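If you're wondering where the values come from, they're calculated on a predicted model, not measured in any experiment.
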Amino acid sequence: MLLFAAFVRLLMSLWPATFVAPGSAHAVRRAYVPNEEGGAINVIDTRTDQIVETWNIGGHPHTVAASHDGSSLWVGDRASNALRLFDTWNARLVRTVTLREAPDSVVLSRDGACLAAATAGSKHLLLVDTAAQRTVDSVAADASPAAAAFTPDGRMLFVPADGDGHVVVIDVAARKRLARLEVGPGPRGIAFTPDGAHAYVACKGDGAVYGIDVRELRVVSRTPVGGAPSGIAVQADGRAAWVSSERRSAVTLVDLDDRSVLAEVPVGKRPWSLALTPDGSKLYVANARSNSVTVIDVLSRTAIAEIALGATPPDVAIA
């Protein structure tokens, strides 16, 4: 029995990274990076950090959100003011959902049932029923929403309002606003600790990260990081977060307990979005001005790869 188990492990280690078992997720996690000016999606094998597929889909793909099981990818296309749903296992377009305006960001609830889309120039957040594959509601966010994030339990949406320095909290089921929390100017990226107890918001206007107590819906901390922070990803232990800065070719690791800076790692030019692999071992940073993705080893806090891509990669999603 032990020999058989060892044989199976050997087969899995040698199996092609692109193999997909019917009805299951990819054997290897993949990073999906839109190339806005190139009209393509680059697919990166997170085991080898090599591009394994390029989907030439046309348009201006600006933002992406992957399902938890890796079976589907939602792409926000600015050229057609639409969301495009792809079957990742077969690299096939499933459906296009037309919006009124160009999507700036898209985010999926953990169960994949609901998608929220922030659109350029709008003061509303659009909610999409992913099963029906259509827009089902529009929720007021007071100011132009820069992004959005579901709480891990999917009950609330936290929406940074880039224009007025607030985070609007929305009850997803009731489609109503619960709170309007004042943070720093220019809030952009937002992420939650794995237990959902706290949210952290990167504010590019004052170069700081703000902590929010999710249960009490109040701001509880401010951590200066410098530059113009725009993206944020909380580590799996919930004790530290990686923050990208539009004005610096670096990402900063911040201790969320004592609010100190633990490390700063050089990356490409104008890093925007960033994403951690599910096991928390690697961080992928989309560098919009250097047309690349930097891969960081989380344990050693060093860059281990620079992957050249097409023009203007503004986002990255991993599933």
Side-chain angles (χ1 to χ4, degrees), residues 31-42 55-67 72-88 93-110 112-150 157-163 167-168 170 172 175 186-191 202 204 230-232 246 270 272-275 286 288 310-319:
Y32 299 91
V33 187
N35 287 177
E36 186 166 5
E37 298 304 318
I41 302 291
N42 288 131
W55 305 344
N56 294 305
I57 64 173
H60 292 282
H62 179 75
T63 179
V64 286
S67 63
S72 60
L73 183 77
W74 288 87
V75 179
D77 179 20
R78 279 183 160 178
S80 60
N81 292 358
L83 300 173
R84 300 165 73 180
L85 173 61
F86 287 86
D87 172 352
T88 61
L93 176 65
V94 175
R95 187 176 179 86
T96 297
V97 178
T98 302
L99 307 177
R100 293 190 296 269
E101 295 172 307
D104 269 347
S105 72
V106 293
V107 62
L108 273 172
S109 59
R110 185 174 176 80
C114 185
L115 178 143
T119 60
S122 172
K123 293 185 178 181
H124 290 77
L125 198 71
L126 300 179
L127 299 181
V128 175
D129 181 324
T130 58
Q133 298 170 9
R134 62 183 177 86
T135 303
V136 293
D137 215 335
S138 174
V139 183
D142 283 356
S144 180
F150 286 93
L157 264 168
F158 280 51
V159 187
D162 190 19
V167 172
V168 174
I170 294 169
V172 176
R175 306 286 201 264
R188 296 290 296 181
I190 183 167
K204 65 179 183 178
S230 57
I232 186 167
E246 294 183 15
R270 199 169 188 182
W272 275 349
S273 178
L274 41 91
T312 318
D315 200 6
V316 57
I318 296 177

Arg175 (side chain) donor-acceptor with Leu127 (main chain) under 3.5 angstrom: no

Close side-chain approach of Leu83 to Arg95, heavy-atom, < 4.5 Å: no

Spacing of Phe150 atom CZ and Leu108 atom CG [to the nearest 0.5 Å]: 7.5 Å

For Ala147 against Ser105, the heavy-atom pair lying closest together: CA-OG, 3.2 Å

Euclidean distance, Leu99 CG relative to Asn81 CG, rounded to 0.5 Å: 7.0 Å

Minimal non-hydrogen separation, Thr96 against Arg84, with atom names: OG1-CG, 4.0 Å

Shortest non-hydrogen separation from Ala161 to Pro187 and the atoms involved: O-CG, 3.4 Å

Ser273 side chain to Ala286 backbone, donor-acceptor under 3.5 Å: no

Sequence-distant partners of Ser230, side chain to side chain donor-acceptor pair (under 3.5 Å), two or more places apart: none

Test item: Arg100 and Leu126 side chains (from C-beta on) under 4.5 Å apart, heavy atoms: yes

Glu36 versus Pro314, closest heavy-atom pair with distance: OE1-CG, 3.9 Å

All ring pair (Phe, Tyr, Trp, His ring centres under 6.0 Å) counterparts of Trp55, not counting sequence neighbours: Tyr32, Phe86

Any donor-acceptor pair under 3.5 Å from Asp77 side chain to His60 backbone: yes

Minimum-distance pair of heavy atoms, taken over all atoms of Gln133 and Val97: O-CG2, 3.3 Å

Gap separating the CZ atom of Arg78 from the CD atom of Glu101, nearest 0.5 angstrom: 11.5 Å

Donor-acceptor contact present, side-chain Thr88 to main-chain Leu73, <3.5 Å: no

Shortest non-hydrogen separation from Ile41 to Ile57 and the atoms involved: CG1-CD1, 3.8 Å

Main-chain N/O of Asn35 paired to Thr312 side chain as donor or acceptor, under 3.5 Å: no

